[in-house]
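Down below is the structure, laid out as structure tokens.
Quick note on labels: first sequence line is chain A, next is B, and so on, each numbered from 1. No experiment lies behind these values; they were computed from the predicted model shown.
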Number of protein chains: 2
Amino acid sequence: MHMATTAPDTGTHAPPLRERIAEAAAKVYGEFGFRGATTRRIAEEAGVNEVTLFRTFGSKAALIVEVLERQVGAGLRVELPETPRHPGRELLHWARSYHGHVRERRGLIMQSMGEIGEHPEVLSPMCKARDREFVVLCAYLDRLRDAGHATRPYDTVTVAAMLSGTLFSDAVGRELFPGTYPADPAQAVVAYVELTLRALGVADPVPSAEHAGAPCSATPSSIGPS
Amino acid sequence: MHMATTAPDTGTHAPPLRERIAEAAAKVYGEFGFRGATTRRIAEEAGVNEVTLFRTFGSKAALIVEVLERQVGAGLRVELPETPRHPGRELLHWARSYHGHVRERRGLIMQSMGEIGEHPEVLSPMCKARDREFVVLCAYLDRLRDAGHATRPYDTVTVAAMLSGTLFSDAVGRELFPGTYPADPAQAVVAYVELTLRALGVADPVPSAEHAGAPCSATPSSIGPS
DNA sequence: AAATCGTGCAAGCATATACTTGCATGCACA
DNA sequence: TGTGCATGCAAGTATATGCTTGCACGATTT
């Protein structure tokens, strides 16, 4: 057993070798999956000898598990306010965070989803992360209705599944299937939130100031026809 | 070169050996991906000797390519009417087909998405299939607006991305992340369509008769609060 | 100066995998 | 009866992969 599990940290700001390997592994795994992420490839990507990889993590499986727990377990931790004041602005903030979070990890997420059947131990952190975001959104949607912002009835689980599913699909599929998503991702997220709030019957969904940051056209609402 | 590319069909109703192998390959690929779908596993699943696999398809890559083209290329081919009459009913029909189509192939689809980077030749049929469904939906949404069914402006691409993204995410993620989707899938699809039409400002979205087939609660609308 | 430690390098081992070859077997059809 | 033909079976080849071992080199510590 290699007892160098704790970070070496030889000195004040030691070269984070463990970090470098983990980052390289995350990148390679996101591109090739578990089977495709060979120890040789990871070592090369990290600029490290293959043996060092085994000496540092013990085995390839241990490496990947640590990487996935680190990446997936690190949820976005975006809170939605306890008392909704500006539903459009607040939901948009959450949607942007969620969309960006998934988009940055889309390779890793796709590989993990395909390999859950073979490596079920990965499912638990992913499930927990997903659940966490989901209940946050659901609870906010409940509060939104209780506060009287919505003029139409709705099932929070369905609405939450719809919004998060839309954002997930966009974040993951936009690079794979160009042309089947709105051209500008930032503007797309705004439009998704606006459409969602429309369905709930929330007035003045997204303040026009929030449209900034995207090469916005002259159209007042980003969901208007082109 | 094995010139037995055309089906042997020795006799009237020959045992479809090529089919059996292809089906087994599709199943194994959907579970383990390209690397994980070893020729041994596929042969065992098909109840066939491993050599027969090579004699029939030439190589593993050729086998998988044929399987994927067959599965993904076979789109659902559900038409949306030229002149919308009952938007709820018509969209629901499309949504059910799309949801079922993706759900039946979710393993294969997830594996393919993760491996597009390595096997780009697979991307083209997937892209074409996806595009086909997407433009069908977009065109229908355009017709819906032009026919005056919708009372609110919208960008068809955004709405199409939202509805198809929601259905895709539900079909793929419902087994992986239980609890983050409405319990009954059939009812969920109805609710997604209703919410979408709400956002477009279409009145009387889904005729209540269409709610049949799902263990429907006493709620008149399936998107009402539980 | 000596010892320790982290790392690189070269080589190797055991296994798995895609794929091939040669031969035997059984079935259809003449 | 005999002749193809499709398939199974056993064995083998070349390569890739996870992982190990032994040794050398340099920096840090004692």
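When the nucleotides C:dT7, D:dC19, C:dT17 are ranked by their closest atom to the side chain of A:Lys60, D:dC19 comes out on top. Comparing atom distances between the B:Val51 side chain and each of D:dT7, D:dA10, C:dA10 picks out D:dA10 as nearest. Taking only side-chain atoms of A:Asn49, from C-beta outward, the nucleotide of C:dG22, C:dC9, C:dA18 with the closest atom is C:dC9. Of the candidate nucleotides C:dC23, C:dC19, D:dT17, C:dC23 has the atom lying nearest to any side-chain atom of B:Arg55.
Here A:Thr39 reaches the OP1 or OP2 of D:dG18: one of its side-chain N or O atoms lies under 4.0 Å away.
Atom-to-atom distance recorded for A:Tyr192:OH and A:Met162:CE is 11.0 Å, nearest 0.5 angstrom.
Between the A:Tyr140 side chain and the A:Val135 main chain, no donor and acceptor come within less than 3.5 Å of each other.
One atom, CZ of A:Arg40, and another, P of D:dG18, lie 7 Å apart when rounded to the nearest Å. Spacing between atom CD of B:Glu50 and atom C1' of C:dC19 amounts to 8 Å, rounded to whole angstrom units. Atom pair B:Phe57:CZ and C:dA18:P shows a separation of 15 Å (rounding to whole Å applied). Atom CZ in A:Arg18 sits roughly 11 Å away from atom P in C:dT7 (whole-Å rounding). To the nearest angstrom, C1' of C:dC9 lies 16 Å from CD of A:Glu44. Following rounding to the nearest Å, A:Phe54 (CZ) and C:dG6 (P) show an atom-to-atom distance of 19 Å. The CD1 atom of A:Ile64 sits 14 Å away from the P atom of D:dT17 (whole-angstrom rounding). Rounded to an integer number of Å, the gap from CG of B:Leu17 to P of D:dA6 is 11 Å.
Under the 4.0 Å criterion applied to side-chain N and carboxylate O atoms, A:Glu118 and A:Arg35 are assigned as salt-bridge partners. Using a cut-off of 4.0 Å between Lys/Arg side-chain N and Asp/Glu carboxylate O, B:Glu175 and B:Arg103 are scored as salt-bridged. Look at A:Glu66 and A:Arg70 and you find a salt bridge, because one of the NZ, NE, NH1 or NH2 atoms lies within 4.0 Å of a carboxylate O, short of that distance.
Looking at heavy-atom distances under 4.0 Å, B:Val48 makes contact with sugar-phosphate atoms alone, never a base.
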